[in-house]
Amino acid sequence: MSFVRKPRPYSSGLPSAPVPAPRAPRVPKEKTPRPVRPRGPRSSWAGAVTALAGLGALLVLVVGLSGLWNAVARDWQFRSAAAGVLDVVR
């Protein structure tokens, strides 16, 4: 036994639902020019991102120079201590 409904035969051959009437053609709207807005400042987030990138680069530069200075100072202290030890030994 099948539960699928079988189509009923139509005597006229026309569909059972009424056919909708054709639509009237659309009339294109006239395009009006957009009002010109005064140019204000650019978006603030772009400036903030640029400022943060600059500060990050500055921070990397400062930390790098600080590390370089510390390495030079430690080398100088080591050479100074070595010279003092050599003076004592002589």
Side-chain angles (χ1 to χ4, degrees):
M1 185 167 164
S2 175
F3 292 101
V4 178
R5 291 186 66 184
K6 296 180 181 175
R8 299 173 119 189
Y10 295 102
S11 60
S12 66
L14 295 174
S16 62
V19 177
R23 281 187 168 181
R26 280 190 163 181
V27 178
K29 295 181 181 177
E30 292 182 20
K31 291 190 177 189
T32 58
R34 289 185 175 181
V36 178
R37 293 188 303 174
R39 267 312 256 193
R42 307 282 281 183
S43 62
S44 61
W45 67 268
V49 168
T50 304
L52 284 175
L55 287 174
L58 183 65
L59 180 66
V60 167
L61 184 66
V62 167
V63 168
L65 289 176
S66 173
L68 183 64
W69 175 255
N70 286 338
V72 168
R74 187 180 27 203
D75 186 43
W76 177 76
Q77 286 178 347
F78 179 77
R79 287 176 190 244
S80 176
V85 169
L86 282 178
D87 283 347
V88 170
V89 171
R90 275 194 260 179

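Heavy atoms only: backbone and side chains are in, while hydrogens, waters and symmetry mates are out.
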Residue pairs passing the salt bridge (Lys or Arg N to Asp or Glu O under 4.0 Å) test where at least one lies in residues 44-73, sequence neighbours excluded: none
Sequence-distant partners of R34, salt bridge (charged side-chain N to carboxylate O under 4.0 Å, His left out), two or more places apart: none
Set of residues satisfying side-chain hydrogen bond (donor to acceptor under 3.5 Å, both in side chains) with respect to D87, sequence neighbours excluded: none
Connected hydrophobic set around V89, excluding itself, where side chains approach under 4.5 Å: V85
Pairs involving residues 21-32, ordered by first then second residue, that meet side chain to side chain donor-acceptor pair (under 3.5 Å) (sequence neighbours left out): none
Pairs of donor and acceptor atoms involving the side chains of residues 55-74, under 3.5 Å and at least two apart or interchain, shall be tabulated with distances.
unit_1	atom_1	unit_2	atom_2	d
N70	ND2	S66	O	3.4

